[in-house]
Protein chains: 2
Amino acid sequence: MPDSDTHSQTQFHQMPGYLIRRLNQISTSIFQDRMAALQLDLTPVQFAALSALQVNPGIDQATLAGLIAYDRVTIGGVIDRLSTKGLVARSINARDRRARQVSLTPEGNALLHRITPEVAALQPSILDGLTEAERALFIALAQKAAAASNDRSRAPLRPRKP
Amino acid sequence: MPDSDTHSQTQFHQMPGYLIRRLNQISTSIFQDRMAALQLDLTPVQFAALSALQVNPGIDQATLAGLIAYDRVTIGGVIDRLSTKGLVARSINARDRRARQVSLTPEGNALLHRITPEVAALQPSILDGLTEAERALFIALAQKAAAASNDRSRAPLRPRKP
DNA sequence: TGCGTATAATAAGTATACTTGTCAATTCCC
DNA sequence: GGGAATTGACAAGTATACTTATTATACGCA
């Protein structure tokens, strides 16, 4: 019996669920450290929201959530915090008064231009232990897996129709 | 300019940070659905904690946190909830009264035996879009990356010395 | 036209996953 | 043996990431 116990611990650390969580912890930690080094107060979620808004100004919160695969309720809080920082502005859509149109402010746009290259530059360091070829392979596999299971998450990616 | 905008959106969805977050959403969602189907109220974190306690009964909270790569503060809340459910018991260590020893209750042990095979069985479905060979490759790459960057996360894995 | 359905957002609640700060108990070192 | 440094846990605060419920608005259709 002690044998099976020992194995079960070893087994745990090979499970995809565990490994993915670890990588997520590492990824967010690296992002956070880089932002702190730049003396910025911005989370990965907030960066994603700003990026999507740059490409799609004036979209409503639900559409924004779909573009970056977030829950609609969660995005509300994110927009609140970005709004408090003066990076985005919310206004009521005249044609559909249920909807809030969200756009970057000039400050938000300036900040995004400043940090986008930083965020792009930090990405490879998330997979620092891998060679260049392995990194590319990992990204391809992750894309394939995420695309295949998109609808199994609570907040699926809903890309805008082109 | 519209060209670079279009590219920047495309680029975003290929970043490791984004893909890892998506996979984590998918992974936790699948876990949650399976537990709900079994009429159980247990999160991935809670399962990991129970598993580690089965192999290492009576360890203190900080050691437990290190074994599953969690923050010490976070684990306190997890233990609280497991304790409320009657799955673990906390007692003060006689030799170091700062430390709380945590152990599985008989109920916790029974539950763990019941769900461990379920959790193991659900793991492949997290990477459902991949072939068997790709899954093995992904796991190997993820393990390598997580191990290499272990100390860059806020809560590194601290395995027990054998 | 009006009523039921659908949608957008918010509210309240739970559970991670951290941060910093505090406190108590212990251990180290002189 | 006694003070300093360390350690384990908790408290309070922030930020995702959900759930369910509620409110307001819009839309479809008979």
Side-chain angles (χ1 to χ4, degrees), chain A residues 17 20-22 24-33 35-36 41-49 59-66 68-85 90-102 152-156 158, chain B residues 17 20-22 24-33 35-36 41-49 59-66 68-85 90-102 152-156 158:
Chain A
I20 289 167
R21 175 180 66 77
R22 285 295 294 136
N24 200 40
Q25 284 178 312
I26 290 164
S27 167
T28 56
S29 186
I30 288 174
F31 189 99
Q32 201 175 323
D33 287 348
M35 289 303 117
D41 172 29
L42 206 75
T43 67
V45 187
Q46 292 169 8
F47 169 75
I59 54 176
D60 61 76
Q61 294 186 189
T63 305
L64 173 58
I68 54 179
Y70 282 91
D71 181 88
R72 278 189 305 160
V73 177
T74 304
I75 216 70
V78 174
I79 298 296
D80 278 348
R81 287 180 280 275
L82 289 173
S83 176
T84 301
K85 292 181 207 173
R90 248 190 294 216
S91 62
I92 291 177
N93 185 322
R95 287 193 295 177
D96 184 345
R97 306 230 314 272
R98 294 170 303 184
R100 267 82 176 155
Q101 294 176 282
V102 190
R152 304 186 66 173
S153 77
R154 291 297 184 275
R158 300 280 178 233
Chain B
I20 289 167
R21 177 180 65 77
R22 285 295 293 134
N24 199 41
Q25 284 178 311
I26 290 163
S27 166
T28 55
S29 186
I30 288 173
F31 189 98
Q32 202 175 322
D33 287 349
M35 288 304 117
D41 170 32
L42 206 75
T43 66
V45 187
Q46 291 169 10
F47 169 74
I59 54 176
D60 62 78
Q61 293 188 189
T63 304
L64 173 58
I68 54 179
Y70 281 92
D71 183 88
R72 277 189 305 161
V73 177
T74 304
I75 216 69
V78 175
I79 298 295
D80 278 347
R81 287 180 281 275
L82 288 174
S83 176
T84 301
K85 292 181 208 173
R90 250 189 292 217
S91 62
I92 291 177
N93 186 320
R95 284 194 294 177
D96 183 345
R97 303 230 315 272
R98 297 170 301 184
R100 266 84 176 153
Q101 294 176 282
V102 189
R152 304 187 66 175
S153 76
R154 291 296 184 276
R158 299 279 179 234

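Labels below follow one simple rule: chain letters A, B, ... track the order of the sequence lines, proteins then strands, and each chain is numbered from 1.
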> Taking all atoms of both residues into account, what is the closest heavy-atom pair of A:Q46 and A:L82, and its distance?
Replying inline: CB-CD2, 3.7 Å
> Which letter, B, S or -, goes with each nucleotide of nucleotides 6-16 of chain D from 5' to 3', with contact meaning a protein heavy atom under 4.0 Å?
Replying inline: BBBSBBB--SB
> Closest heavy-atom contact between A:M35 and A:L42?
Replying inline: CG-O, 3.4 Å
> Taking for each residue the nucleotide of DNA chain D with the nearest heavy atom, is it A:A94 or B:Q25 whose nucleotide lies nearer the 5' end?
Replying inline: B:Q25
> Separation of B:R152 atom CZ from C:dA17 atom P, in whole Å?
Replying inline: 20 Å
> A:Q25 side chain to B:A69 main-chain N or O, any donor-acceptor pair under 3.5 Å?
Replying inline: yes
>> Could you tell me how far apart B:F31 (CZ) and D:dC18 (C1') are, to the nearest whole angstrom?
In response: 15 Å
> Do B:I68 and B:I75 come close enough that some side-chain heavy atom pair is under 4.5 Å?
Replying inline: yes
>> Expressed as a whole number of angstroms, how long is the span from A:I92:CD1 to C:dT7:C1'?
In response: 16 Å
>> Using whole Å, what does the distance between atom P of nucleotide D:dA17 and atom CD1 of B:I20 come to?
In response: 13 Å
> Under 4.0 Å between a side-chain N/O of B:R97 and OP1 or OP2 of C:dA24, yes or no?
Replying inline: no
> Do you know which two heavy atoms are closest between A:D60 and A:A99, and how far apart they sit?
Replying inline: CB-CB, 4.0 Å
> If we ignore angles and hydrogens, is there a donor and acceptor under 3.5 Å between the side chains of A:S27 and B:R21?
Replying inline: no
> When the distance from CG of B:N93 to P of C:dT26 is rounded to whole Å, what number comes out?
Replying inline: 9 Å
